[in-house]
Every structure is written in C-alpha cells, then in structure tokens.
Amino acid sequence: MFLTVASKSLLNRKGSVAMTLMAISVAIFVLLGIEHVRQQARDSFASTVSGVDLIVGAKTGSLNLLLYSVFRIGSPTDNIRWETYEQVVADPAVAWAIPISLGDSHEGYRVVGTTSAYFDHFSYGKKRRLEFTSGAPFEGTFDAVLGSEVAKTLGYKIDSEIVLAHGLATTSFSLHDNKPFTVVGILAPTGTPVDQTIHVPLQGIDAMHSDWPQGPANLAIKSGAEPGATPAKPESITAFMLGLKSKMSIFGVQRQINDLKEEPLMAILPGVALAELWQMVGLFEDVLRLISALVLLAAVLGLGAVLLSSVRERNQEIHLLRILGAPPYYLFLLIEMEAVLIALAGMLIGGASLYVALILVEDALFANFGLYLEADLLTLEGLSILGAVLLSAIVAAGVPSVQIYTAASRYFER
Amino acid sequence: MTIELHGVAFSYANDATKSLLNIDHWSVAKGERVLVHGPSGSGKSTLLNVMGGLLTCSVGEVTLLGERLDRMNARQRDQFRANHVGYVFQRFNLVPYLNAIENIELASTFAAGKQRSSVREEATNLLHSLNVIPSDWSKPTSHLSMGQQQRVAIARALINTPEILIADEPTSSLDAENRDNFLRLLLGLVDEKNTTLVFVSHDLAIAQYFTRVQALSEFNKEHC
Ligand SMILES: Nc1ncnc2c1ncn2[C@@H]1O[C@H](COP(=O)(O)OP(=O)(O)OP(=O)(O)O)[C@@H](O)[C@H]1O
Ligand SMILES: [Mg+2]
C-alpha cells in the first residue's frame, strides 16, 4: 500500500516529476557513460601492447623507453649494437624477439624497421594479433606494410610507391627519394599507434641509408657493403621486444639485461610502465570524475527542490494520514520513497539509453578506430555509481522529508 | 462510558492566555449518537481533535474505552486512533489520487491485524451498502462528486470497525437531498455496528437523527 501511495502520488504530479526524472536520467547517462569511456580508455591504453614480456632499450627513463618504442613519441637516447641484441636473444629463456629501428618518417608518420617476427608475435588488446586487410607481411628489402590510418589518410593501396625521409618532419630535407618502397600489406585497425606506423624490413632501412654520404652514424651499415645491397646485418637497432618461454623468468632476464657489461641497457615490463604512464594522465580521470559528480549534484538538487515544493501542496495528505493514525515518520518515508522511485526510474531510463547508444556507436568505432567499446555497464564501478546515485537521492530528499515530518508532527497545533 | 472528559482545559500555543476548552465533566455512553452544535469558532473542532488524541490538553483526563489518552505517548495515541476512532470531515476525507478501494485499504493499513483479502471484501460490502456503484470504485476519488466522496469517506472511516466515530460537519458541503441520504446511510451503519457517534454541526435541522443534542456551551465554560 505504501508503494502504491508513493507511486500514485508521483504519477499525480506528472509534469514536475517528469522533468526531474529526465534530469536524473541524463545525469545517470553521463555518469555511467563517462565511467564507461574512462574504463575503456584505460583498458585500451593498457592493452596498447600485450603478450610482450620485456621491452629493451638503451638506458634511459622507463617512460621514455615506453614512449618511443610503443607510442612512437620522443626519441631514443642511444642505440643498441646488433651484437648485443644477438647476445641477449641467444638466452635460452627467450622465445622470440622483435627488433625495432626508428628514425625515419613519411608524411609525418613514423617508419619502423623490424623483422617479420613483428607480424608473428606483436599483439595488442586481449592478445589480438595484427591482421591484414589486404596484402601480406614484407619479404623484399623495399617492401612496406602500412598501418590502417596511414593507408587511409594518404590514400595508399597495395603497390603504391612511397619515399621515406630521414628525420621526423614532413618537410624533411633528407628525402631518400632514390629508394622508393612498395606497399605490400595494409593492416587492420587496432586502435593503437600501430595504425599510424609504416613498417619496413630492417634491411630496407639500412639499404636506404647505405648510399647516404652523411648517413647518421647510428644507422650506418657496416663499411664496405655495396650501396643499395642488402647488408648481412644491421649495425644497430633502437629497441627490441622480448617474449619469454616462461613468465617465471621475466625478472631474471630483466636483471641480466640491466646488468649487462657490454652496453648500458634497460629492460622494462610494458604492463608496469603503461600503468605508470596512465597514472601521469590520472588528472584527466579526476577531471572526468569531478564533472560526473557535479552533474549528479545538480540533478539531485533538482530532485530535492521538486519534492520540497510538493511538501507545501500536501497539507491535505498530512491531515488525512495523521487522522488515519499514520505516525509522522510515515510521511517522512513517503517522501524518501518517492525520491528512491524517481532515482530507480532514472537509472532504468539513463542506463537503457546509454546501452542503446553504445550498441549504436560500437560498430562504427570498431570499424574506424579499432576501438572496442564493450556495452557492459554492470561492472563493479557501474553498480557503485548507481549506489551513489541512490544514496545522494536519499540525502537530497532528506530536506523535504524532514520538513514534512515536522509539519506532520505539529499539524494540529499550528 | 465510551468517552469521558474530566477537568479538561485546552488552549492553542499561539493563544495561551485564552483557554478555549474548559470542561469539568462530559461523557458519552456506548451506542449514543450525540450532536454537538455551537457558533463558528466556539471550539467544536478543537474538542473533536482533543477526543481523538490529535491535540493534547494541558490538564485533565481524556478517557476513551477505559484508556487514558492523556497518558499515552504520541505513537500510542496514533495507534489507538487507527484502531478505535473513525473520522469524517466536511471535505478532504480522501487521498485524491487514490481510488475508493485504495483509500479504504490505506485506512486499514494503520490498524492492527486484518488480512488484506478480508479488508477488500469488507470494503466492497461497505461501498455496496453506501450505494457507491462498482464503476466508481476504481476512479481516482477526485473524479467523484461531493456526495459520492462523502459516502466513500464513511466506508473509509468504518473499515476498521472503530468503536467511536467522530464526524465534523460532514454534511455542510452537501445539498438537502444528499445530506439526508448521507445521514440515513451513516446512521444505518452506526446502528448496525453499535458505534458511538459524536457529530458536530451548526445545522439543527438534522437533530432528529440523534439520541442527544447538546450545545458546546452547555458543558464548556469559556474562561478568559
Ligand atoms: N490550529 C490552530 N491554532 C491556533 N488557533 C486555532 C487553531 N485551530 C482553531 N483555532 C482557533 O480556535 C478557535 C476554535 O476553533 P474551532 O475550529 O475549534 O472552532 P469550530 O467551533 O470548529 O468552528 P467552525 O464551526 O467554524 O468549524 C477559533 O478561534 C480558531 O481561530
Ligand atoms: Mg470546525
């Protein structure tokens, strides 16, 4: 009966109730939406690289190593000699290795020199391998595999010829224009920096620099090689990624690399470094949370105001319920119940519309950006947000509830 | 005695100098039907509220069904009222957005121990005997006419079979025909259930329905 009274009383005040209900629903939409996007952003950030046990580079800050090796931001302080690379990879604990050579660019997109191990072992997200929308991994020295965004933005197709520049600016003076590369493969969108990368074989990089008289020392091939010929071995690389046979050996291998006498190297765990980096952008999370909290505050204040103004119109009900023997706290609970009902209805409406919205954008996001938004709202965070909404609705309804309580207890003595 | 007032004095807090009620002794026996009349502002409604425990008097004893209302706390008075006292007013007797059945059920939820199904059955019986047609039972009561609303109000007041029924000018908003209709039905039910009735009105034309007719001034001495 109590519920009937509360719900019919709300239905009786359709106009004002509908407005607050809308405000609450929008707030819940925003709250859950922001939380969802925040989580997805963190997850997809954390899964920029997966399945890689260690990333190795010249001794520098671990964030710097992560930034240039995975995000292609910033530049390496030093290179790794090829011999050192071979020595580390020879360790029986190592299952596979992906060497990376950075330093060139094309139309502002970074060029990564690597081996076919990249396509066999590099993974992102929940251990997703790279996939080709067309073509295949490179084989020849002057083959190139493009990230999806590179191909899309620059309009390249299979067999397009591209010219790489040394350095990173689009208008680089040092075009290696005598050595065009041929596009042999285009990768599917991943939502990671891979999409903005041009992949070429290590030999391609070295061959390209071989007839460059002032070629940068750190990328120069061994003297004596024929210009343009595929060198047997590169002189050096920028970094490499390691997959180990057993997770148990991660820390052992890491220590070995860090203590290497031949060359000052460092090995980082990508998961740990990614988490550190995310902490640095944590301010962004706090701002989102603050905005959510303010939206919620505005909505529940509106709810409180509507209920408060309703109290003034409810003398008749106070009178009647008191006559029937209802104690004053019955009226207190009635107002609180109305707040709870509005909050619950708002959760239903806000949650359902967010769900529909996510389903609608999901396909588009995945196709264009490789971003996979899961329409999974009933996470622990989602539920605790709903709990917080309910609690704040109850608190906001406290003012009108206390007011009707005092009005009811003094009703006949007024 | 069903109702007994002894040495009762009452004044509103905002007008404490003037004692509105001053009753040495006044009582109503079981099954009596008392009409109390008096000029407007003389304190009739105040008397009814003191009798129902809605107002507490500063001095004196208010005894209902042998129980001292003035010794109860607020919660006990509410509970006692729900179980033993029915009220009908001039208007605003019903929650406007609930229908007749819901209004009656609501009244029953505050009284002790009755099953919901038996409440519903009794409600329909009452509505039948009060000539409220079934098609009006599920309309919001704000859609009913004044006469219909007052008859539903009787059913609501009697659902918990209270020993005492208090009526504060329930016929003042009704025309002569509706008034007589209302009184006939009310007194029929009161007779049937042997309810003690205290009825306030300034309309002495209805005196014939009552076993005792008294002016408030007969037992209330106003002091200044
Ligand atoms: N809640 C209240 N607070 C203060 N004074 C009140 C209150 N209710 C009534 N009074 C005053 O007490 C006096 C008696 O009021 P009451 O309502 O009991 O009269 P009444 O006999 O029922 O009048 P009527 O026939 O007009 O209904 C009046 O002077 C009124 O102004
Ligand atoms: Mg009155």
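In what follows, chains carry the letters A, B, and so on, assigned in the order in which the sequence lines appear, proteins first and then strands, with residues in each chain numbered from 1.
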Select one option (side chain, backbone, both, neither) describing which atoms of B/F80 are under 4.5 Å from chain A's heavy atoms. neither
I'd like to know if the side chain of B/Y97 pairs up with that of A/E317 as donor and acceptor (distance under 3.5 Å, no hydrogens or angles considered). yes
Contact class of A/R314 relative to chain B, heavy atoms under 4.5 angstrom: side chain
Please report whether the ring centroid of A/Y405 lies less than 6.0 Å from that of A/Y329. no
When you check the gap from the basic side-chain N to the acidic O, do B/E105 and B/R156 get nearer than 4.0 Å? no
Could you look at A/I323 and say if it's the side chain, the backbone, both or neither that has a heavy atom under 4.5 Å from chain B? both
A/Y330 portion near chain B, given a 4.5 angstrom heavy-atom threshold: side chain
With a 4.0 Å cut-off on N to O distance, would you call B/K193 and B/E163 a salt bridge? no
May I ask you to name which of B/T46, B/V85, B/L98, B/T109 has the most heavy-atom pairs under 4.5 Å with chain A? B/L98
What about the rings of A/H319 and A/Y411, do their centers lie closer together than 6.0 Å? yes
Look at B/L106, B/N49, B/T56, B/N93 and state which one has the largest set of heavy-atom pairs under 4.5 Å with chain A. B/L106
